[in-house]
Each structure stands twice: as C-alpha cells, then as structure tokens.
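Some notes on the structure that comes next.
Lettering of chains follows the sequences in order, A, B, ..., and the numbering in each one begins at 1.
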Amino acid sequence: MLHLELEKRLHAALLAVHPAVSVAAVHVMPAPDAKFGDYQCNALMTLARELKTNPRQLATEVSAKLDVADLCEPVEIAGPGFLNFRLKPAAIAAVLAAAARGEHLFFQPAGTAARTYVVDFSSPNVAKPMHVGHIRSTGIGDALVKILRRLGHRVVTDNHLGDWGTQFGMLLLGWKTRLDRAALEADPIAELERLYKEVNALCDDGKPTFDPAVRDAAKNELVKLQAGDAENLGIWREMQRLSQLQFDSIYGRLGVKFDHTLGESFYNPWLAGVVEELTARGLARSSKDAVAVFADALWPEGTPRPAPKDNPFLVQKDGEWVDLPALIQKSDGGFNYMTTDLATIQHRVREWNPDEIIYVVDDRQAPHFRQLFAIAGQWHPEWTAKTKLTHVGFGKICGTDKKPLKTRDGNTPKLAALLDEAEERALALVTEKRADLPLERRQEIARVVGLGALKYQDLLPHRTSDYVFNWDKMLALTGNTAPYVQYQFTRAAKVARDGRGNGQGPVAPDQIVLVEEQELALAKLLLNYGHTLERTALDYAPNFLCNYIYELASAYSRFYDNCPVLKAEEPTRTSRLVLCELTAQVLQDGLALLGIETIDEM
RNA sequence: GCACCCGUAGCUCAGUUGGAUAGAGCAUCCGCCUUCUAAGCGGAUGGUCCCGCGUUCGAAUCGCGGCGGGUGCGCCA
C-alpha cells in the first residue's frame with residue numbers, strides 16, 4: 001500500500017530534477033531482501049542511461065528533493081544507484097490501524113482509472129463431459145475476474161459454450177438411431193458422449209470403422225439443423241438443457257458464476273454478414289470453394305506488414321513462405337469458429353464497449369488468436385484502438401509420466417469425478433486427524449479443503465507452464481498448499497475471535513506497537529497485499545497471489561510460534577491481536593479471490 | 001521443415017519494466033510441545049540457472065547460434 005505513496009513522491013522529486021522526464025516506468029516495489037530495506041527503486045539506473053548522466057549522481061539529486069521523512073528513514077543510495085526505503089514502524093502502525101478500522105484492506109481501488117473488461121473463460125462443450133482441462137480455464141479465469149473486480153474494475157463474464165458445429169450432425173444421427181433412453185435417464189452426458197464416440201468412429205475416414213454412408217447421414221442432419229429443421233432443433237435444445245444441468249452442478253460446486261452464457265449458436269444470425277463484409281472490403285476471398293482471409297489481403301502491397309515469421313497467415317514449407325489462410329466459410333457453405341469468434345468480438349464491442357477482452361484459453365490455440373486479433377484489427381481498426389484483445393494462455397496438466405493426465409483406462413479424467421475424489425481424499429485425511437468431529441462437520445471441512453487443494457494446485461504454477469498433477473502433494477499439510485494456508489487462517493481467526501470482547505473501541509495508531517522481528521515481518525507483508533493484486537492483474541498470473549498468500553501464511557506461523565497474543569500485556573496484546581485479525585482477513589480475502597473457501601476449524 | 005512455449009537443487013516449482021550473494025516446498029539429516037491447534041517452527045545438506053558467443057554498470061531474464069523436450073501448422077474448436 002505504501003509503495004504507491006512512495007512512488008508518487010518519488011515521481012514528484014524526479015520531476016523537480018528533470019521536468020521533461022517520463023515517470024511512468026519508475027516504480028517503487030518491495031525489496032527482494034530485508035537487508036536492502038522494505039522497498040526499492042531501481043529505475044533511476046535505467047533512466048540515467050537515457051539521460052546520459054551518472055546514475056549515483058541522479059539518485060543523489062532525486063533523493064535530495066524526496067520528502068518521505070514521515071514514512072521512512074533517510075533514503076539510502078546503494079550499489080550503482082538503487083534507492084532503498086526503510087519504513088518507520090510508526091508509519092506501518094498507522095496503515096494497520098486504518099485497516100483495523102475498516103478503511104481499507106491494504107489495496108487501493110482503481111477509482112477513476114477503472115477499466116471495463118470482458119472475460120471469456122471456461123467454455124465447455126455441450127453434450128460432452130467437462131474434463132480435467134476445464135479446471136484450468138475455469139479456475140484461472142474466475143480468479144482473474146475476482147481480482148480485477150476487487151481492484152475496482154468493471155468485469156463482464158461470458159461463458160462461450162461450444163453449442164454449435166460439426167459434432168451436432170453426429171450427435172443428432174446418434175440420438176435418432178442408437179439412443180438408449182434408460183442410459184440417458186441415468187446419466188445424460190455419458191450417454192451423449194457414447195453416441196458421439198460411436199458415430200464419430202464411423203465418420204472418421206482414418207479409422208477402420210469408417211462408413212461413408214454414416215458420414216453423409218451425419219452431415220445431412222447437420223445441414224437440417226442449420227436450416228432450422230424443427231425436429232433437429234428440438235433435439236439440439238434438449239441436449240443443451242441436459243448439458244446446462246451438468247454445467248450448473250459443476251459451477252455450483254466450484255462457486256463460479258457467469259454474467260452471460262452466450263454460446264456459439266447465439267452468433268448464427270451474424271455469420272453470413274461477417275463473411276460478406278470481409279469479402280466486400282477485400283480482406284477475404286474465395287479459395288478452393290471456401291472463403292478465407294489471406295496475408296496479402298490483410299496487408300496489401302505497400303502497407304506496413306509483419307515479417308514473414310511474425311505473420312500468422314504464413315507458414316514455411318520446403319523453404320518457401322506459403323499461405324496459411326484463416327477460413328471463415330467452408331466449401332459446403334457452413335461457417336466455422338473463426339467466423340463465430342469475429343462475430344463475438346463485434347457483439348462484445350457493441351454491447352459492452354470494453355477496454356479489454358480477455359480469452360482464457362489453452363496455449364495451443366495461440367495461433368488462432370493471433371489470426372483472429374489481426375483480422376479484427378484490420379476489419380475495424382476503431383475496435384482495436386479502443387479494445388485490447390488478450391489471449392491468456394495456459395499449459396497442460398500432466399501425470400507423473402509428464403504426459404497429459406489420463407485415468408487408468410487411458411481416458412481423460414472427468415471434472416466431476418475429480419471433484420468427488422478431492423473431497424473423498426480430504427475426508428480421509430480429516431478423519432485421520434480429527435476423529436473427534438462429527439461426520440457432517442468433517443465432510444464440510446473435506447469439501448472446503450479438498451476443492452481448495454485442487455484449485456490451489458492448479459493456480460500455483462505459472463499459468464503458461466505444464467504441471468504435474470499430484471493428489472498427495474496438493475493435500476499435504478506442509479508446504480505451499482491450500483490446506484497449509486487454510487490452516488494458518490484458522491489459527492489466526494481463532495486467536496482473533498478469542499481475543500475480542502474486551503470492549504475495545506477503534507484502534508488508534510499509537511496503540512499498535514511493532515517490536516519483534518516476526519511482528520514487523522508480518523505487518524510489512526500485509527502492506528504488500530495491494531502490490532501483489534496489481535502485479536497479478538498486470539500479468540494475468542494468479543500464481544503471484546498464491547505465492548504471496550503462502551508467504552503471508554508462513555510469516556503468520558512464525559509470528560504465532562514466537563509471539564504469544566492473548567497472554568501478552570498491553571499494548572502488545574492489542575497490537576498482536578490486530579495483526580491476527582488483519583492476517584485472517586487478508587488470507588481469507590486472497591483465498592476468496594482464488595475461488596477458495598476458508599473454514600474456522602480444521 | 002517453420003513458428004510458438006519450455007529447459008533453474010535428487011524431485012516439484014518460484015524468481016517483479018534486466019537489479020544486489022539465484023529462492024521455496026518435498027525428500028534426507030539434526031533439533032523444538034507443562035505455553036493461543038506440533039495439521040506447526042528452527043537448523044543443516046543440496047546449483048555448470050541446458051551449452052556457447054554477444055549487449056551492459058549489472059543477464060536465469062534481452063539478442064544471435066547450437067542441443068534437448070512439448071505444442072501447432074487449410075475447411076474441428
């Protein structure tokens with residue numbers, strides 16, 4: 001929190017020395033090591049190079065103009081030109097007291113700088129089970145949404161369901177010719193999946209089971225659906241209804257909500273218009289009976305165009321750069337996901353006029369998004385001038401063999417089964433540790449801990465890296481895990497609860513006395529909650545928040561071990577009690593932003 | 001073949017516009033419960049940041065060239 005105030009004052013001092021300089025890149029951030037102080041600025045060294053001046057001299061001039069005496073010890077110039085800031089305990093105490101009065105929780109809302117975001121995440125397919133992969137898009141997307149909202153931004157969430165396309169030809173054919181009503185009754189999604197797999201095996205010309213008659217029949221069903229055939233539309237709607245039940249159940253368990261669920265089918269009315277417009281503007285043209293966008297149409301001769309290696313519409317084959325066009329209409333007249341995605345951007349811009357649209361989608365689709373964003377930018381430059389388009393990609397979940405996670409029988413694990421197993425395993429652990437609690441209580445703890453562990457494991461590695469799925473590790477009570485952090489929360493919350501009720505009024509700054517190393521370390525970490533949220537949002541990387549929460553939890557644990565709270569004399573008792581209360585609040589808030597619940601007893 | 005992502009301790013992973021002596025957890029070893037939950041805490045061991053060259057006050061981070069792994073590359077999304 002104080003880093004923003006220090007940064008503001010540093011900017012003023014810098015401008016006093018060099019009025020023309022740009023201060024945008026000059027940041028004050030937490031120091032990497034306590035021996036360098038609490039905050040540092042290393043931007044003056046970079047700036048000195050641009051100004052062609054001596055970095056230490058610049059630092060000296062700036063620090064002479066810098067007035068931070070109310071917050072810090074005299075600023076220290078270290079090494080080649082670092083500025084090191086050491087907070088005065090009284091300044092820390094004042095921020096803590098304000099937080100204890102409920103004035104803030106160590107972050108500063110965006111206020112007038114608030115932006116509008118559309119976040120597109122989760123996006124499961126109708127008629128298919130949600131599987132382990134969906135936890136990434138859903139968890140990362142939901143965390144980013146919650147963090148952006150906490151920082152005061154406006155966020156529109158939209159679940160872009162896969163509810164249209166080729167697979168429905170096969171599903172309709174399967175429904176009509178081989179549906180098992182009893183199986184559908186028992187487990188609709190499993191039955192739909194079975195139908196799809198069976199028919200798909202007959203339609204795949206690469207498989208020995210290939211039957212061209214079935215393929216044509218499936219295609220015929222698709223054409224009828226797209227033409228508005230009443231029977232097919234009815235079946236399609238029933239499939240949607242059954243799928244939505246599954247989605248509602250899983251999102252309910254995960255605590256995820258959407259403002260809108262506009263699936264691909266929503267955009268059907270605009271697809272033909274998209275192709276017409278792009279063709280009319282010369283951005284798209286016919287090719288092999290299809291309609292596609294080519295590099296030369298997007299960036300005509302004489303206009304600035306990307307180098308071949310940076311051009312998403314070119315690929316090198318046999319030493320030659322050849323076209324890799326983006327298809328927007330198939331040779332059979334149908335449209336595909338590129339067309340839909342373009343219509344979706346159009347709709348979102350018109351409806352919400354956002355500053356940014358974020359797509360939380362598997363990294364493997366990165367080339368698609370590069371093409372999509374390039375087309376959107378050339379189609380309507382005014383859109384991309386206002387609206388930033390961002391693909392937030394992520395890596396895959398692996399088994400211990402480093403290959404994509406599979407069940408014992410070689411299938412992709414289903415999300416619902418994974419959630420069940422997380423709760424079951426957590427229940428076994430809780431029962432082992434807390435046999436004294438009634439079953440119902442243990443089940444509730446197991447739900448919170450199990451789902452928390454699963455989500456936390458998924459958010460802890462940087463989103464772009466693949467990670468190894470490991471039940472034992474995620475549920476471990478030591479190390480950087482949800483159960484550990486949740487446990488530290490219960491300790492902090494318990495002390496805070498037990499310590500209340502002495503008729504304390506609002507806490508005044510001079511009531512907070514920070515002396516012990518563990519008290520100061522904990523307090524300083526609390527101050528950095530806001531900085532962490534800002535960094536997390538900036539990089540779309542929830543793991544920053546995970547690591548902060550873990551640091552805070554372990555700092556609390558050290559404090560708890562060394563600093564008795566309830567038995568301490570005043571003013572130590574109140575000071576420590578405030579630390580417990582605020583730590584509990586930040587841990588709870590931070591975990592909530594990650595979509596993870598807390599519980600009062602474990 | 002080309003593009004993108006990745007390569008950090010035995011294992012799993014962090015590492016803030018390039019920033020100070022590269023960190024954590026697990027595992028291994030040694031300690032700490034008459035004290036608010038020991039589901040905890042402290043300490044020790046452990047490194048060619050894949051290799052080489054370059055840029056600079058400073059490189060795990062940026063550039064170039066290799067090596068190794070993953071992913072993608074015209075009518076699926």
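- Atom NZ of A:K128 and atom P of B:A77 are 10 Å apart (whole Å).
- With B:G40, B:C36, B:A14 as the candidates, the nucleotide lying closest to the side chain of A:Y484 is B:G40.
- At a cut-off of 3.5 angstrom, counting only N and O atoms as typed in the model, there is no donor on one side facing an acceptor on the other between the side-chain of A:R364 and the base of B:G70.
- In this structure, A:M338 reaches neither bases nor backbone, as no heavy-atom distance under 4.0 Å exists between it and the strands shown.
- With a 3.5 Å ceiling on both atom-pair distances, the Watson-Crick or G-U wobble partner of B:G54 is B:C62.
- With B:C75, B:A39, B:C57 as the choices, the nucleotide that has an atom nearest any side-chain atom of A:R49 turns out to be B:C57.
- At the heavy-atom level, A:Y467 lies under 4.0 Å from the strands shown only through sugar-phosphate atoms.
- Between the C1' atoms of B:C41 and B:A20, the separation comes to 29 Å (whole Å).
- Within the nucleic acid shown, A:A43 comes within 4.0 Å of at least one base atom, counting heavy atoms only.
- For A:E264, the listed nucleotide lying nearest its side chain is B:A77; candidates were B:A77, B:G70, B:U16.
- Taking the side chain of A:P325 as heavy atoms from C-beta on, and the options B:A77, B:G74, B:C57, the nearest nucleotide is B:G74.
- Distance check on atom P: B:A9 versus B:C2 gives 30 Å, rounded to whole Å.
- Using a 4.0 Å heavy-atom distance criterion, A:N470 is classed as making no nucleic acid contact.
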Could you list all N or O pairs between the protein and nucleotides 25-27 of chain B that sit under 3.5 Å apart?
| unit_1 | atom_1 | unit_2 | atom_2 | d |
| --- | --- | --- | --- | --- |
| B:C26 | OP1 | A:T478 | OG1 | 3.2 |

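- With a cut-off of 3.5 Å on both Watson-Crick or G-U wobble distances, the partner of B:A9 is given as none.
- Listed nucleotides B:U17, B:C13, B:G40 differ in distance to A:D561; the shortest reach to its side chain belongs to B:G40.
- Taking atom C1' on both B:A14 and B:C30, the two are 27 Å apart, rounded to the nearest angstrom.
- Across all strands, A:H368 comes closer than 4.0 Å to no nucleic acid atom at all (heavy-atom distances).
- For B:C67 and B:C53, the C1' atoms lie 15 Å apart once the distance is rounded to whole Å.
- Counting non-hydrogen atoms under 4.0 angstrom, A:D362 reaches nothing in the nucleic acid.
- In this structure, A:C563 reaches the bases: a heavy-atom distance under 4.0 Å links it to at least one base atom across the strands shown.
- For the P atom pair drawn from B:G23 and B:A60, the interatomic distance equals 12 Å after rounding to whole Å.
- Across all strands shown, B:U17 has no partner, as no Watson-Crick or G-U wobble contact with both distances under 3.5 Å is found.
- Going from the P atom of B:G7 to that of B:C11 covers 15 Å, rounded to whole Å.
- Checking B:A20, B:G19, B:C76 against every side-chain atom of A:A78, the shortest atom distance belongs to B:A20.
- Between the side chain of A:N84 and the base of B:A20, at least one donor-acceptor pair of N or O atoms lies under 3.5 Å.
- Using a 4.0 Å cut-off on heavy atoms, the residues of residues 161-173 of chain A that approach RNA chain B are A:T166, listed by number.
- Applying the ring-ring contact (aromatic ring centres under 6.0 Å, His included) criterion to A:Y359, with sequence neighbours excluded, gives A:F369, A:F373.
- B:A3 is paired with B:U71 under the Watson-Crick or G-U wobble criterion, all donor-acceptor distances under 3.5 Å.
- Among the protein residues, A:K288 comes within range of the nucleic acid bases, having at least one heavy atom under 4.0 Å from a base atom.
- Nucleic acid contact for A:R558: sugar-phosphate only, since backbone atoms but no base atoms lie under 4.0 Å from a heavy atom of the residue.
- Applying the 5.5 angstrom centroid cut-off and the 30 degree plane-angle cut-off, the aromatic ring of A:Y487 is not stacked upon the base of B:G40.
- Base engagement by A:P80 is indicated by at least one non-hydrogen atom pair under 4.0 Å involving a base atom.
- Nucleic acid contact for A:N336: sugar-phosphate only, since backbone atoms but no base atoms lie under 4.0 Å from a heavy atom of the residue.
- A gap of 23 Å separates the P atoms of B:U55 and B:U17, to the nearest Å.
- Proximity note for A:K309 (side chain, C-beta onward) versus B:G19, B:C4, B:A14: the nearest is B:C4.
- Looking at A:N268 and A:S265, their side chains never bring a donor and an acceptor atom within 3.5 Å of each other.
- Rounded to whole Å, the separation between the P atoms of B:G54 and B:G15 comes to 29 Å.
- Heavy atoms of A:E551 sit nowhere under 4.0 angstrom from any nucleic acid atom.
- Considering only side-chain atoms of A:F544, the nucleotide from B:G15, B:U37, B:G19 that sits closest is B:G15.
- Among the atoms of the strands shown, only primed sugar atoms or phosphate atoms (P, OP1, OP2) are found under 4.0 Å from some heavy atom of A:V468.
- Salt bridge status for A:R285 with A:D296: present, with a side-chain N to carboxylate O gap under 4.0 Å.
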